[in-house]
Amino acid sequence: MLENLFFGKLTLDAIPLHTPIIMGAGIFMAVVVLAVLFAITYFRQWSYLWHEWIASVDHKKIGIMYLLLSFVMLLRGFSDVVLMRSQQAIAAGSNLGYLPPEHYDQIFSAHGVIMIFFVAMPMMFALLNMALPLQIGARDVAYPYLNSLSFWLTFVGAMLCNVSLVIGDFAAAGWLAYPPLSELYYSPTVGVDYYIWSLQIAGVGTLLAGINFIATIIKMRCKGMTLMKMPVFVWSALCAMILVALAFPILTVTLGLLELDRFFGMHFFTDFAGGNAMMYINLIWAWGHPEVYILILPAFGVFSEVVATFSQKKLFGYTTMVWAIIIITFLSFVVWLHHFFTMGAGADVNAFFGVATMIIAIPTGVKVFNWLFTMYKGRIILATPMLWVTAFFTTFAIGGMTGVMMAIPPVDFEVHNSLFLVAHFHNVIIGGVLFGYFAGVIYWFPKAFGFQLDEKWGKAAFIFWVVGFYLAFMPLYILGLNGFMRRMNHYSNQLYQPYLIVAAIGAACIFIGIVLQIIQLGVSVKNRKALRDHTGDPWNGRTLEWSVASPAPVYNFAHLPKVEELDQFWLDKERRLSEGHIHPNELHYHAIHMPKNTPAGFIIAMFVGVLGFALIWHMLIPGVIGFVGMLATWIARTFSTDIDYYVDAETVKATELAHLKEMV
């Protein structure tokens, strides 16, 4: 009895000792983790790691941790791509391949979850943390401790997802876990429970971060920065975070209802007992389609910053760009039903959502033309961030056009649930979101780390990524139009095989691109002195983040900036050049009030992780420990008064004068 209270449903049988592929991956992950722990111990870095990173509330360091998490999970998610593409390349006719169907189903489910929730979302928040407070002239985000908690909750959600690889299994119901397949009758193992709780925990972290950034943008802009003087990246972030605040509660409720079905035997989504599976599909897409725009809007903001900087021109049509973002934000909530045109809603409903989907393409097209007009007659510098923008124009345009095609209900009836849809979705998410975030990471990397990334290796990675992308996904359009359905681990018609072999070659090229990005990082770290950003403005930027040292000091600005016009930093540089001096002579400094580091966010998240794992395996005692520990830490933090400190004026002066000296 006591054993059941401790371990619940968990037994040694939950470890897949009989599956070499899973055990090999699990052993590899364990070896990597142990190697990292050994290195930290050997070099005696635990104290530094705890005080400077784990307990940090500095938005810039939190952004770096988000970035690290996203790239680690990119490697994890791409390993699923390698398995899926290699399986489909060989599993034709009498050859069944090497992945059993039940394992293949888990792989494509995990791939979608990881890439959306634990690659794209963390990379978005990495860029927001690295750049946004600096762009609005703020010292930090509105709620620094909440920012730390948001990251660690996302981290715990990602780790729960990874644990499912070696303890139990993951959901085999797709990345959106439609019922009845995700209900207990068809998915009796813990896979769907891993799905629910990893997404619930990470989703709460995302919701808290969204609220935090809304408050930051609304309340912490520097003097003179009205809404229509904010950089476009800030506008895109504001609208994306509004979508987070509106959409993620829907996801929380939806997954909560599914968990009630599974845990307590309720019947919200079970048709045979009075429930309605279509209610789940409506709810999940009422979250899911705004989620696409949560991801793409900040990427649009990145493109706006990069195009203006590397065209050395003011962004064309700033006002229309802002209104295009606002219109997209509104329309993103009225198109969700185009995901199930084939499910019998009727011609009138389908027509409304088809037209709404086509209309949303208009403000998106406006933005593309604004970027092109910004480049027109500009002095374009084809640095790596700008190369990612040029790749975006074609890849995203193809994704947008195919999306408009599927907005026509009769066309959607033909290609629904086929590889045509898979190709379209990846056109938008990779060609729009990921390419945009890569551009943003390279663009703001020197501001976060103090040195630039190596251009030669970056351009090589870019070439392999883009070539691999077209090889991997263009054949899928052809296959989809020929009736090849998604999520197939085997097919009898061998005429499909050449296309899938080309797609596998494309995945291999993307893998080479990822390897080259890792090499780029290693080479850049090795040559960081030569790549050092001495001025704080390596790209000749236009916005406020480039007005401070790289990396930015903990307090961001010794004197909070004052804004009179859009692109204030660019105007300041022009004035200084005309007046014949490089930097304003501000030698009077004062003490700066800053939030103090705290491990509370990390500790709360760890207890939440224990609680989540206990809920998955129905462990009573660990669940109580996790819940009580989370609550106790939260209350202790609430009553703590030791939450801030002052950076003294002498430290500020020494830091700023060192930057001025380095510039000269």
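Here the structure is a predicted model, which means the values were calculated and not measured.
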Rounded to the nearest 0.5 Å, what separation is found between the [atom1] atom of [X] and the [atom2] atom of [Y]?
| X | Y | atom1 | atom2 | value |
| --- | --- | --- | --- | --- |
| I327 | C239 | CD1 | SG | 10.5 Å |
| M241 | L132 | CE | CG | 9.0 Å |
| T319 | M228 | OG1 | CE | 4.0 Å |
| S311 | M386 | OG | CE | 4.0 Å |
| H338 | I360 | NE2 | CD1 | 8.5 Å |

Indicate whether the side chain of [X] and that of [Y] have a donor and an acceptor atom separated by less than 3.5 Å.
| X | Y | answer |
| --- | --- | --- |
| S550 | K447 | yes |
| Q452 | W539 | no |
| Y143 | T216 | no |
| D140 | Y555 | no |
| H59 | N556 | yes |
| N370 | T320 | yes |
| H559 | H588 | no |
| Y470 | T394 | yes |

Within the supplied structure, the quantity of interest is the number of heavy atoms (other residues, nucleotides, ligands) at a distance under 6.0 Å from [X] [atom1]; does it exceed 12?
| X | atom1 | value |
| --- | --- | --- |
| D644 | CG | yes |
| F369 | CZ | no |
| F464 | CZ | no |
| W457 | CH2 | no |

Run the salt-bridge test on [X] and [Y] with the 4.0 Å N-O cut-off and return the result as yes or no.
| X | Y | answer |
| --- | --- | --- |
| K60 | D58 | yes |
| K229 | D567 | no |
| E564 | R575 | yes |
| R532 | E662 | yes |

Would you say the side-chain atoms of [X] pair up with the backbone N or O of [Y], donor to acceptor, closer than 3.5 Å?
| X | Y | value |
| --- | --- | --- |
| Q568 | V563 | no |
| K313 | T374 | yes |
| W287 | T252 | no |
| S148 | P144 | no |
| N427 | T395 | yes |
| T342 | F413 | no |

Write down the atom of [X], the atom of [Y], and the distance for their closest heavy-atom approach.
| X | Y | value |
| --- | --- | --- |
| V232 | E305 | N-OE2, 3.4 Å |
| P122 | F117 | CD-O, 3.2 Å |
| K573 | N540 | NZ-OD1, 2.7 Å |
| L134 | L544 | O-CB, 3.5 Å |
| A120 | V433 | CB-CG1, 4.3 Å |
| P385 | E455 | CD-OE2, 4.4 Å |

I'd like to know whether the aromatic ring centres of [X] and [Y] sit less than 6.0 Å apart in this structure.
| X | Y | value |
| --- | --- | --- |
| Y293 | H289 | yes |
| F445 | F451 | yes |
| F462 | W465 | no |
| W323 | Y318 | no |
| H426 | F473 | yes |
| H534 | H659 | no |

- Message: Using side chain to side chain donor-acceptor pair (under 3.5 Å), reason through T309 and Y443 one step at a time and then give a plain yes or no.
- Response: CA-CA 10 Å; T309 297; Y443 181 61; 2.8 Å; yes

- Item | Mutual orientation of the aromatic rings belonging to W444 and F233 [parallel < 30°, tilted 30-60°, perpendicular > 60°] |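 Correct class here is tilted.
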
- Item | ring-ring contact (aromatic ring centres under 6.0 Å, His included) partner of F392, the single match among F303, F435, F438 |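 Single ring-ring contact (aromatic ring centres under 6.0 Å, His included) partner of F392 among F303, F435, F438: F303.
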
- Task: Scan W371, F300, F469 and name whichever one has a ring-ring contact (aromatic ring centres under 6.0 Å, His included) with F396.
- Result: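 That would be F300; it is the only one of W371, F300, F469 passing the ring-ring contact (aromatic ring centres under 6.0 Å, His included) with F396.
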
- Side chains of L387 and L382 in contact at under 4.5 Å (non-hydrogen atoms):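 Answer yes - side chains close enough.
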
- Message: Taking the side chain as everything from C-beta on, heavy atoms only, tell me whether F330 gets closer than 4.5 Å to I326.
- Response: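 Side-chain contact under 4.5 Å: no.
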
- Message: For K61 and N129: C-alpha separation, side-chain torsions, deciding distance, then whether side chain to side chain donor-acceptor pair (under 3.5 Å) applies.
- Response: CA-CA 8 Å; K61 290 185 175 179; N129 273 286; over 6 Å; no

- For side-chain contact (heavy atoms from CB on, under 4.5 Å), just list the numbers for F213 and F125, CA-CA rounded to whole Å, side-chain angles, deciding distance to a tenth of an Å, and then say yes or no. CA-CA 10 Å; F213 277 106; F125 281 116; 3.9 Å; yes

